[in-house]
Amino acid sequence: MQANPRSLDALFNSQLRYVVPMFQRLYVWQENPQWATLWEDVAEKAILQLRGVKTNPHYLGALIIEGVRPSSPREVKRFLVIDGQQRLTTLQLLLCAYRDIARRNEWKMLERPSERYLENADPDVMEHPEEELFKIWPTTLNRDVFQSIVKAGSRQAVEARHPLVRLPKKRKPEPRSLLVEAYLYFSQSIDAWIASTAEAEGKSPEASAFALLQALQQDFSVVEIALSEGDDSQEIFYSLNSQGRPLSQSDLLRSLVFMRAEKEQANRDEIFKNYWSKFETPFWSSEVKRGGRSYSRLDLGLRYFLMAKTGQMVDARRVNEEYRRWVSATPPRYASVKDELSDFVTHGDVYTRYESLPMERLPSADLRRVLADFDVSTALPLIMFLELEAGLDAGQLAESLGTLESFIARRVFLGEENKEYNKLFVDVIASLNGTRGAAVPSALRRKLLEGGGSTRRWPTDDQVLETAIGKPVFESLKTPALRLILERLELSLRGKKTERGEIDTGLQIEHVLPQAWATHWQLKGREIPANIAKYPSLAKDDLVEFADSIRQRNVALHTLGNLTLLNKYLNPAASNGSFELKLFEYRNSVLRLNRHFDGASEWDEQAIAERGKTLGEALCEIWPRPLLPVN
C-alpha cells in the first residue's frame with residue numbers, strides 16, 4: 001500500500017480512468033453538508049488566487065484505488081475506486097459545470113483544460129471508447145445520468161434532458177437524480193460567484209473564472225492510496241466504512257459479491273444486469289417494520305434467505321458476517337458468483353410474491369392473504385425452505401403449506417403468543433434439514449406437534465371449540481384476522497352445488513345480537529336500561545339479579561357464534577335493530593353464513609353457543625390437526 005498526495009490536476013490530467021465497482025453505493029451526496037461545504041472551500045481558495053495570496057493545499061480526504069491489469073494494449077489505464085467515489089464524482093460534476101460555463105462564454109483557454117479533466121483523448125484508438133472516454137465510470141444505475149450530464153454541454157441541455165416532473169395534486173416536483181441536482185447547484189454557484197467577484201474585485205469575469213480554475217488545479221489535493229497486489233480490498237472497504245454513515249447489511253453483501261466477481265474476472269455488467277439489478281428497485285429499498293425496528297426489504301430478504309439455508313437464527317445486525325462465513329465454507333457453496341446470485345434471485349422471487357401483495361384483496365384461501373391478515377411474516381424463511389430447498393412436488397408442497405397454515409390459524413384463533421415465531425420456524429427448518437421429498441410433510445407435522453405451552457403448541461379440536469363457544473374473539477382478534485376466519489367459514493359452508501364465486505371484498509363484520517342490544521332486545525323478558533346493559537355494576541334494586549346475566553350476554557355477543565358478514569349496505573340497515581328486522585334484512589344476503597337464520601324465531605345466549613359450536617367444528621375441518629405424530 002502506497003500513499004501519496006495528488007493535486008486535482010495530477011488526478012485527472014492524465015490518460016486514465018477511475019472505475020467505481022458494482023459493490024459501491026449509488027451517488028448519495030447532497031447540498032447540505034457536502035456540496036455546500038466543498039463549494040465554500042473552493043470559493044475561498046479562488047478569492048485568494050485572484051488576489052495573488054499563496055496558501056497551503058486543502059486536502060479533500062483519502063482516495064483508495066486498486067490498479068487493474070489491462071485486457072488489451074488499447075485499453076485506457078484503469079483503477080478501481082475502493083473508497084472515495086462520492087468525492088470523485090462530485091469533483092467531476094463541479095468541473096463539468098465549470099467547463100460548460102467556459103464554453104458558453106467562449107473562454108477557449110479555460111474550456112480546453114477543464115475538458116481534459118473530464119474526458120480522455122483519442123477515443124478512436126480505445127478498446128471500448130463508449131466507456132473509456134470518461135475519467136470516471138460510475139456504478140450501473142448512475143452511469144446513464146452521469147454520461148448524459150457530461151455530454152450535454154450546457155446547463156440548458158442538462159435541464160432539458162432531466163426536467164422536473166410535477167404530478168397532479170402534488171405541491172412538490174418528483175425527486176430528480178442527485179447527480180443532476182449537484183451539477184445544477186455548482187453551475188448556479190459558479191455563475192453567481194464569477195459575476196459577484198468580478199464586480200467586487202474589479203476584475204473581468206474571465207479573470208475571475210481563471211482564478212477559480214487555478215484554485216481547483218493547485219489548491220486542492222487528495223491522499224491517493226494505491227493498494228498493492230497482496231492487499232485485501234474487501235477488508236479495507238469494510239474497515240473504511242465502519243465509521244460515519246453505516247453501510248446496510250445489503251450494502252455489505254453487494255460489496256462481498258462483486259469483489260469476488262472481480263477476482264473471478266466475471267463480466268460485472270452482465271452479472272448486474274441479469275441478477276443484482278432486480279434488487280435495485282423501490283420495492284427492495286423501501287423499509288418495513290419488524291419487531292419494532294425498521295429494515296430495508298433487501299436486508300430482511302437476505303436474512304430470511306440465510307435462515308432458510310442454514311436453519312439457524314441470524315442476528316439482524318450481523319447478517320453479512322454470517323453470510324460471509326456461510327458462503328466461504330469448504331467445499332464452496334457455489335461454483336461461481338453467477339450461481340450464487342441466481343439462487344438469491346430465486347429466493348427473492350418467493351419473498352416478493354409474499355410481500356408485494358396486490359392492491360385488491362386476495363382470496364381468503366390464498367396463503368399470502370392468510371399470512372398478511374394473521375400478521376405472521378416470520379413464517380417466510382420456512383416457506384422459502386419448503387418451496388425451494390425441500391425437494392417437494394406440487395402435491396407435497398401444498399400438503400406442507402396446508403399444515404403450516406393450520407398450525408398458524410389455530411394459534412391465531414386462540415390468541416396464542418407469537419413472540420417466539422422467529423425462533424420456532426427456524427427450529428423447524430433445522431429439524432427438516434436432511435429430509436427431502438415425500439418424507440417432509442409427515443416430518444413437518446411431527447415437529448409442529450412436539451411444541452408445547454402458549455408459545456409453541458398446536459391447539460387441539462377441544463381448545464378450538466372452547467374458544468369458538470365461549471371466548472369474545474371479536475375483542476381479542478384484529479379485524480383482518482377475524483374477517484378472514486369468517487370468510488373461510490363461508491367458503492366451507494358452500495356445497496358442490498353452490499356457485500364458487502369470490503367473496504365480496506367489502507364485507508363487514510356484523511353482530512347478530514347487537515352491541516347496543518338494550519333498545520330492542522329483552523333479557524329474560526325484562527327491558528334493560530342502556531346504561532345498565534353497558535355497565536351492569538350500576539344495577540340497583542330489582543335489576544341487581546340481572547347483573548350476572550348481563551355480563552354473560554356482553555361476553556356472548558362478541559363470541560364467534562354471534563358474528564357474521566354483511567355487505568356495507570346491509571350492515572347499517574340491520575345494525576342495532578330487533579331480531580325481526582335483522583331476519584328481514586338477512587334474506588337479502590347470498591352468504592351461506594346467513595342462511596343459518598332462515599326460519600329462526602329467537603336469538604339468545606343458548607342459540608349463540610350452539611352456532612358457535614357448529615362454526616368451531618367447521619374451523620377444525622378447515623384447519624385440521626393430526627391427533628398423533630405421524631411416524
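Because only heavy atoms are used, hydrogens play no part in the values below, and waters and symmetry mates are left out as well, while side chains stay in.
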Below 4.5 Å, heavy atoms only, C-beta onward: do [X] and [Y] meet side chain to side chain?
| X | Y | answer |
| --- | --- | --- |
| Leu563 | Val473 | yes |
| Leu388 | His347 | yes |
| Asp299 | Val319 | no |
| Leu591 | Leu507 | yes |
| Asp373 | Leu482 | no |
| Thr140 | Lys273 | no |
| Leu80 | Gln85 | no |
| Ser364 | Arg369 | yes |

With side chain to side chain contact (heavy atoms under 4.5 Å, CB included) as the test, would you mind laying out the steps for Gln396 and Val440 before giving the verdict? CA-CA 8 Å; Gln396 292 160 354; Val440 170; over 6 Å; no
Salt bridge present between [X] and [Y] (N-O < 4.0 angstrom):
| X | Y | value |
| --- | --- | --- |
| Glu490 | Arg494 | yes |
| Arg445 | Glu399 | yes |
| Asp343 | Arg333 | no |
| Asp427 | Arg456 | yes |

Of all heavy-atom pairs between [X] and [Y], which one has the smallest distance, and what is that distance?
| X | Y | answer |
| --- | --- | --- |
| Arg361 | Glu487 | NH1-OE2, 3.7 Å |
| Lys582 | Pro514 | CE-CD, 4.0 Å |
| Phe425 | Ala379 | CD1-CA, 3.6 Å |
| Ala556 | Asn562 | O-CB, 3.7 Å |
| Pro381 | Thr378 | CD-O, 3.3 Å |
| Ala443 | Leu432 | CB-CD2, 3.6 Å |

So, taking the atom named [atom1] in [X] and the one named [atom2] in [Y], what distance separates them when rounded to the nearest 0.5 Å?
| X | Y | atom1 | atom2 | answer |
| --- | --- | --- | --- | --- |
| Arg143 | Leu179 | CZ | CG | 12.5 Å |
| Lys447 | Thr403 | NZ | OG1 | 15.0 Å |
| Leu565 | Leu593 | CG | CG | 6.0 Å |
| Gln552 | Ile608 | CD | CD1 | 11.5 Å |
| Glu605 | Asn554 | CD | CG | 9.5 Å |
| Trp276 | Leu141 | CH2 | CG | 11.5 Å |

Ignoring hydrogens and geometry, is there a side-chain-to-backbone donor-acceptor pair from [X] to [Y] under 3.5 Å?
| X | Y | result |
| --- | --- | --- |
| Arg595 | Ser589 | yes |
| Thr467 | Gln463 | yes |
| Gln86 | Leu26 | yes |
| Ser277 | Phe272 | yes |
| Asn142 | Tyr27 | yes |
| Ser492 | Leu489 | yes |
| Glu389 | Lys309 | no |
| Ser406 | Pro624 | yes |
| Arg411 | Arg457 | yes |
| Asp393 | Gly437 | no |

Trace of the side-chain hydrogen bond (donor to acceptor under 3.5 Å, both in side chains) decision for Ser286 with Arg297: CA-CA 6 Å; Ser286 61; Arg297 281 202 175 97; 2.7 Å; yes
Would you say that more than 12 heavy atoms from the other residues, nucleotides or ligands in this model lie under 6.0 Å from the CD of Glu270, or not?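 Yes - once you tally the heavy atoms of other residues, nucleotides and ligands closer than 6.0 Å, there are more than 12.
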Just to verify, which of Phe344, Phe279, Phe385 counts as forming a ring pair (Phe, Tyr, Trp, His ring centres under 6.0 Å) with Phe305?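 Exactly one pass, corresponding to Phe344.
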Apply side-chain hydrogen bond (donor to acceptor under 3.5 Å, both in side chains) to Glu322 and Trp326, showing your working. CA-CA 6 Å; Glu322 294 296 332; Trp326 175 78; over 6 Å; no
Side chains of Glu387 and Tyr354 only: does a donor on one sit below 3.5 Å from an acceptor on the other? yes
Could you tell me whether the side chains of Glu610 and His596 share a donor-acceptor contact shorter than 3.5 Å?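 No, because no side-chain N or O of Glu610 sits under 3.5 Å from a partner of the opposite role on His596.
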Sequence neighbours left out, what passes ring-ring contact (aromatic ring centres under 6.0 Å, His included) with Phe597? Give chain and number order. Tyr586, Trp603
Which of Ile469, Thr614, Leu477, Leu615 passes side chain to side chain contact (heavy atoms under 4.5 Å, CB included) with Leu560? Answer is Leu615
Side chain to side chain contact (heavy atoms under 4.5 Å, CB included) test vs Arg483 passes for just one of Leu486, Thr479, Ile485, namely Thr479
Show, in sequence, the C-alpha distance, side-chain angles and deciding distance for Ile429 and Met384, and conclude whether the side chain to side chain contact (heavy atoms under 4.5 Å, CB included) test is met. CA-CA 10 Å; Ile429 295 170; Met384 285 182 178; over 6 Å; no
Please evaluate residues Leu619 and Ile622 with respect to the criterion side chain to side chain contact (heavy atoms under 4.5 Å, CB included), reporting the C-alpha separation (whole Å), side-chain torsions for both, the decisive distance (0.1 Å), and the verdict. CA-CA 5 Å; Leu619 286 180; Ile622 295 168; 4.2 Å; yes
Please walk me through it: do Lys478 and Leu484 pass side chain to side chain contact (heavy atoms under 4.5 Å, CB included)? CA-CA 10 Å; Lys478 293 180 180 179; Leu484 182 135; over 6 Å; no
Working for salt bridge (Lys or Arg N to Asp or Glu O under 4.0 Å), residues Arg446 and Glu450: CA-CA 6 Å; Arg446 184 163 55 250; Glu450 289 175 358; 5.3 Å; no
